[in-house]
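All remarks here apply to the structure that follows.
In what follows, chains carry the letters A, B, and so on, assigned in the order in which the sequence lines appear, proteins first and then strands, with residues in each chain numbered from 1. These numbers come from the heavy atoms of this one structure, side chains and all, not from hydrogens, waters or symmetry mates.
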Protein chains: 2
Amino acid sequence: MLRMSKLADYGTVVMTYLAQRPEAVHSAMETATQVHVALPTVSKVLKILAHENLVLSSRGAKGGYVLARSPKDISIAQIIDAMEGPIALTQCSSDDIVCEQEASCSIRGNWRKINEVVRSALQGVTLDNMAQPAVQPIHMYANGLKQRRAFS
Amino acid sequence: MLRMSKLADYGTVVMTYLAQRPEAVHSAMETATQVHVALPTVSKVLKILAHENLVLSSRGAKGGYVLARSPKDISIAQIIDAMEGPIALTQCSSDDIVCEQEASCSIRGNWRKINEVVRSALQGVTLDNMAQPAVQPIHMYANGLKQRRAFS
DNA sequence: CTAAATAGGACTAAAGTAGTTCCAATTGAA
DNA sequence: TTCAATTGGAACTACTTTAGTCCTATTTAG
């Protein structure tokens, strides 16, 4: 019902992989192989994560990526934020514009509460948690994914 | 960060409007006017909601829509589900296919937990709650939205 | 019978996303 | 000093989804 982009999904996968050996430097190549996702895609993901300071990068031969912080200090919320970027609230967020949808406007405040619940739930899940093997049997929740992951 | 479609957004707006006078029959026309959204769009939304049994419809002159249940028995989760539809988990959900992304697969189980938290949060918010005027000042959280609403 | 409504489907246009590719900049090591 | 291994960054293409509109059939009150 709520969704996250595929890239954000890859983001969590990649980060979880890095979290398995947080001290080592992992090249995009190596990561791609281990995670079974195409190299260009993994590269793109890592570049974004580096740009958002969730991983540190080093260039040149023997370069690669490392987690910027301890796995227990990186939340899923942060990763999704990094990958999807903040979505700009336009128009109505600037005060001088009169909202055209008054009826719906009165509802927005409630959405905020919901957001906070959702967000705090996601902030509560760290890479550390993710690295622990899942309780559920493998394969069960992987999606053949068309485009997005569903929060069913 | 997580997103819902604009239609789902309209869905909650429309449903909240209907919830203000749950006993009355509201035509698409009337609703569109009150909610300040184009008629064809509101029609589409109401048709979907009717099809999903969240509202009851009556045709012909003096026809229109009514909430199918009491506002306190309709959750935001149900509305979003109705508007976005279940997103089919393909491939991996059928047992005989071997998952190609084992590394990420081991993570899926955790996603399930997250889903449940998110979902239960949304199930906890009813139309009844939405109808109560928001605490926050108007205009502040409405988005000029490009395409989707952000769960920031 | 007619006007007011919904039902349902088809359709168009726009937007967003995924994924690839290319080239520049770095850097370790022979 | 030169080469090879890497990341940085941006541009681009193809694809999918979504939004929104419109047309026609059906239903029903008066």
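Between the CG atom of B:Leu46 and the P atom of D:dG20 there is a distance of 15 Å, rounded to whole Å. At whole-Å resolution of the value, NZ in A:Lys44 and C1' in D:dT13 are 12 Å apart. Atoms NZ (B:Lys6) and P (C:dA14) sit 14 Å apart, rounded to a whole Å. When the P atom of C:dT6 is taken as reference, atom CD of B:Glu30 falls 10 Å away, rounded to whole Å. As rounded to whole Å, 12 Å separates atom P of C:dT6 from atom NE2 of B:His26. In this structure, A:Met83 places its CE atom 12 Å from C1' of C:dG19, rounding to the nearest Å. Rounded to an integer number of Å, the gap from CG of A:Leu18 to C1' of D:dT7 is 14 Å. If you take CG of B:Asp9 and P of D:dG20, they are 10 Å apart, rounded to a whole angstrom.
DNA chain C is contacted by both A:Ala61 and A:Lys47; A:Lys47 maps to the nucleotide lying nearer its 5′ end (nearest heavy atom per residue). Nearer the 5' end of DNA chain C, as judged by each residue's closest nucleotide, is the contact made by A:Ala38, out of A:Ala38 and A:Gly60.
With D:dG9, C:dA18, D:dA19 as the candidates, the nucleotide lying closest to the side chain of A:His51 is D:dG9. For A:Pro40, the listed nucleotide lying nearest its side chain is C:dT20; candidates were D:dT21, C:dT20, D:dT6.
Between the side chains of A:Tyr17 and A:Glu30, at least one donor-acceptor pair of N or O atoms lies under 3.5 Å.
Checking the phosphate oxygens (OP1, OP2) of C:dG19, a side-chain nitrogen or oxygen of A:Tyr10 falls inside 4.0 Å. The phosphate of C:dT20 (OP1 or OP2) has a side-chain N or O of A:Thr41 nearer than 4.0 angstrom. At the phosphate of D:dT28, neither OP1 nor OP2 sits under 4.0 Å from any side-chain N or O atom of B:Ser58.
Nucleic acid contact class of A:Leu7 (heavy atoms, under 4.0 Å, all strands): sugar-phosphate only.
No salt bridge links B:Lys6 with B:Glu84; every basic N to acidic carboxylate O contact stays at or beyond 4.0 Å.
Checked by atom type and distance alone, the side chain of B:Gln78 pairs as donor or acceptor with a backbone atom of B:Ser75 at under 3.5 Å. B:Thr41 places no side-chain N or O within 3.5 Å of a backbone atom of B:Val37 that could act as its donor or acceptor partner. Without hydrogens or angle criteria, A:His26 side chain to A:Arg21 main chain gives a donor-acceptor distance under 3.5 Å.
For C:dG28, its base never sits under 3.5 Å from the side chain of A:Lys62 at any donor and acceptor pair. With hydrogens and angles ignored, no donor-acceptor pair closer than 3.5 Å exists between the side chain of B:Arg59 and the base of D:dT28.
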